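Because the structure is predicted, anything quoted here is derived from the model rather than measured. Labels below follow one simple rule: chain letters A, B, ... track the order of the sequence lines, proteins then strands, and each chain is numbered from 1.
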Amino acid sequence: MINALRGMKDLTFEESERFVHIVTTAIGISKKYGYSYIETPILEETKLFKRSVGESSDIVGKEMYQFMDKGDNDVCMRPEGTAGVVRSFIQAKLDRRQNEKFKFYYYGPMFRYERPQKGRLREFHQFGCESFGEASVYEDFTIIQMIGDIFKALGIGYTLQINSLGCPTCMPPYRQKLIGFLTECKEELCEDCNRRIDTNPIRVLDCKNEKCQSLLIDSPKLLQNLCNECDSDFKKLKTLLDKSNIAYEVDSNLVRGLDYYSKTAFEFVSNEIGSQSAIAGGGRYDKLVEFLDGKATPAVGFALGIERIMELVKMPKTEREGYYLGVMEEENIDALFPLASKKRVAQKVTVEYEPKKLKAHLKGADKVNARYCAVIGEDEMKNGTIWIKDLVEKEESIINQSDF
RNA sequence: GUAGGCGUAGUUCAGUUGGUAGAGCACCUGUUUGUGGCACAGGUUGUCGCGGGUUCGAGCCCCGUCGCCUACCCCA
């Protein structure tokens with residue numbers, strides 16, 4: 001027997017229905033916010049992710065499905081969605097159309113070569129949005145509001161955490177300050193953090209080691225070192241969230257795993273799904289378009305993890321629907337097909353090809369969750385009629401086949 | 001990559017100091033020759049993950065291996 005690869009899952013029955021429900025709900029709401037669909041390839045040049053996500057990140061460092069194709073190109077299965085969308089945005093020269101705004105939504109599979117666990121797969125699915133050309137913090141707010149709308153429509157509870165990561169004006173000086181602080185208490189920090197001081201010092205902030213966290217209490221805080229613009233944008237964001245009654249927590253240690261974020265960073269978290277608790281994450285990435293050789297274009301975006309959300313979504317239980325058609329004598333089967341196609345114009349129809357006793361047909365109708373069981377037996381065939389039973393109301397009738 | 005837990009019927013699981021494997025659910029048949037869900041009666045279902053070792057004898061003990069799950073790391 002051949003099984004699916006490690007960390008890759010098949011979805012069927014009510015699971016696949018929940019999956020589709022989440023996607024269609026998210027699509028419906030993002031369309032109301034002015035987003036249109038973008039489809040980009042799953043396979044991209046490896047360079048794209050190295051430059052956008054960042055070589056220091058674990059995603060690029062050790063989690064990529066990377067290989068050489070038959071034409072000797074260094075390619076990679078996308079580990080996240082933003083890089084491809086930005087690449088496409090630049091390739092279509094939309095970056096030259098300054099003053100225009102572009103809003104795209106996407107969904108599809110992402111791949112990371114990690115050890116699977118609860119809420120973490122090697123192939124997983126994200127729904128995401130990217131908004132280009134809007135530098136205003138109002139857009140950051142609007143995107144957060146939109147995610148709130150999506151979760152509300154899905155009936156999901158969450159905690160919203162926000163932070164500001166600063167910009168090229170205020171981040172580098174802060175980074176130096178932090179490195180200085182960390183170097184002083186280097187001896188007491190954990191092994192990982194010592195490595196991080198060189199590779200990605202900001203990541204030390206969200207180290208889970210308790211000793212590191214206790215040392216960090218006295219560390220310089222980015223929120224106290226923001227430049228005027230970043231500081232006023234962050235204050236504005238908080239005011240906007242307050243005014244629209246969106247609850248949030250400021251988490252000064254919230255660091256996004258991808259290098260391209262600046263200013264607003266946010267994460268939606270659930271405490272009901274195990275240790276991988278982020279159900280959506282995003283933020284502003286004003287420098288990424290430029291960094292991938294486009295004309296400077298401000299942008300904000302987010303992605304939500306569909307599999308993680310699936311555990312939180314409850315579907316209404318499916319009601320009986322449509323018709324089940326069967327015959328009791330072998331020679332009458334052909335009579336069912338014209339009736340079936342007529343009904344299928346508006347209804348779900350299941351046709352049983354084996355002749356069966358009435359009892360077996362009723363059971364069959366139960367099994368496919370049909371509302372009506374319609375059977376042609378000896379008498380019905382003779383009279384040109386069909387026997388129908390409403391399985392919910394338990395009422396039965398015999399009508400002419402021409403009236404079916 | 002590291003650590004822990006688990007692999008027995010389609011499924012969920014039980015299996016005593018080592019003595020040739022069991023239950024619920026599901027499925028099929030019947031009670032009812034044209035009336036479903038409910039009830040009752042009967043029935044089908046196994047490479048005990050795989051390979052080796054110990055033993056008269058292994059689902060059980062030992063070694064190896066593969067797979068799944070959870071956690072670390074990291075992230076959606």
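Residues from residues 364-378 of chain A placing a heavy atom under 4.0 Å of any atom in RNA chain B, listed by number, are A:Asp366, A:Lys367, A:Glu378.
With P as the reference atom, B:G5 and B:C62 are 13 Å apart, rounded to whole Å. Rounded to a whole angstrom, the distance from the P atom of B:G15 to that of B:G57 is 26 Å. Comparing the C1' positions of B:G49 and B:G59 gives a spacing of 12 Å, expressed to the nearest Å. Between the P atoms of B:U11 and B:U65, the separation comes to 27 Å (whole Å). To the nearest whole angstrom, the two C1' atoms, one in B:U20 and one in B:U33, are 45 Å apart. Taking atom P on both B:C73 and B:C66, the two are 26 Å apart, rounded to the nearest angstrom. Spacing of C1' atoms, B:C48 relative to B:A14, comes out at 13 Å, to the nearest Å. Remark: the separation of the C1' atoms in B:G37 and B:A76 is 42 Å, to the nearest Å.
Of all non-hydrogen atoms in A:Val368 and A:Thr350, the two that sit nearest each other are CG2-OG1, 4.0 Å.
A:Arg122 forms a cation-pi arrangement with A:Tyr113, by the criterion of a distance under 6.0 Å to the ring centre and an angle within 45° of the ring axis. Taking the ring axis of A:Phe404 as reference, the NZ or CZ atom of A:Lys343 stays within 45° of it and closer than 6.0 Å to the ring centre.
You'll find that the side chain of A:Arg120 is closest to B:A76, out of B:C68, B:G36, B:A76. Closest contact between the side chain of A:Lys359 and the listed nucleotides B:U32, B:G37, B:A76 involves B:U32. Relative to the side chain of A:Lys62, the nucleotides B:G34, B:A76, B:C73 differ in distance, and B:C73 lies closest. In this structure, of B:G34, B:G67, B:G37, it is B:G34 that holds the atom nearest to the side chain of A:Trp387. Of all nucleotides listed (B:G34, B:C72, B:U35), B:C72 comes nearest to the side chain of A:Ser275. Of all nucleotides listed (B:A71, B:C68, B:G36), B:A71 comes nearest to the side chain of A:Gln117. Residue A:Lys9 places its side chain closer to B:C69 than to any other of B:C69, B:G36, B:A76.
For B:C73, the base has no donor-acceptor partner in the side chain of A:Arg203 [N/O atoms by modelled type, under 3.5 angstrom]. Side-chain to base pairing of A:Glu114 with B:G1: no donor and acceptor N or O lie closer than 3.5 Å to each other. Between the side chain of A:Lys356 and the base of B:G34 there is no donor-acceptor pair of N/O atoms closer than 3.5 Å.
A:Asn3 comes within contact range of no nucleotide atom at all, as no heavy-atom separation falls under 4.0 Å. Nucleic acid contact for A:Ile279: sugar-phosphate only, since backbone atoms but no base atoms lie under 4.0 Å from a heavy atom of the residue. At a threshold of 4.0 angstrom between heavy atoms, the contacts of A:Lys357 are confined to the sugar-phosphate backbone, with no base atom among them. Heavy atoms of A:Arg112 sit under 4.0 angstrom from at least one base atom. Among the heavy atoms of the strands lying under 4.0 Å from A:Gly119 is at least one base atom, whether or not backbone atoms are also near. Within the nucleic acid shown, A:Glu396 comes within 4.0 Å of at least one base atom, counting heavy atoms only. Residue contacts shown for A:Lys118 are limited to sugar-phosphate atoms, with no base heavy atom under 4.0 Å away. Using a 4.0 Å heavy-atom criterion, one finds that A:Glu395 contacts no nucleic acid atom at all.
Between A:Tyr372 and A:Tyr323, the two ring planes are parallel [angle under 30°; tilted spans 30° to 60°]. Using cut-offs of 30° and 60° on the angle between ring planes, the pair A:Phe302 and A:Phe127 is tilted.
In this structure, the ring of A:Phe268 has its center less than 6.0 angstrom from the ring center of A:Phe151.
The separation between A:His361 atom NE2 and B:G34 atom C1' is 10 Å, rounded to whole Å. Rounded to whole Å, the distance from CZ on A:Arg78 to P on B:A76 is 15 Å.
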Open item on the list: side-chain hydrogen bond (donor to acceptor under 3.5 Å, both in side chains) for A:Thr82 and A:Glu130? Distances and angles first, verdict last.
Closed with: CA-CA 7 Å; A:Thr82 302; A:Glu130 313 293 350; 2.8 Å; yes
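If you find the closest nucleotide of RNA chain B to A:Arg115 and to A:Glu393, the one lying nearer the 5' end belongs to A:Arg115. Mapped onto RNA chain B by nearest heavy atom, A:Phe268 and A:Ala4 fall at different nucleotides, with A:Ala4 at the one closer to the 5' end.
Applying the 5.5 angstrom centroid cut-off and the 30 degree plane-angle cut-off, the aromatic ring of A:Phe124 is stacked upon the base of B:A76.
At least one side-chain nitrogen or oxygen of A:Gln276 sits closer than 4.0 Å to the OP1 or OP2 atom of B:C72.
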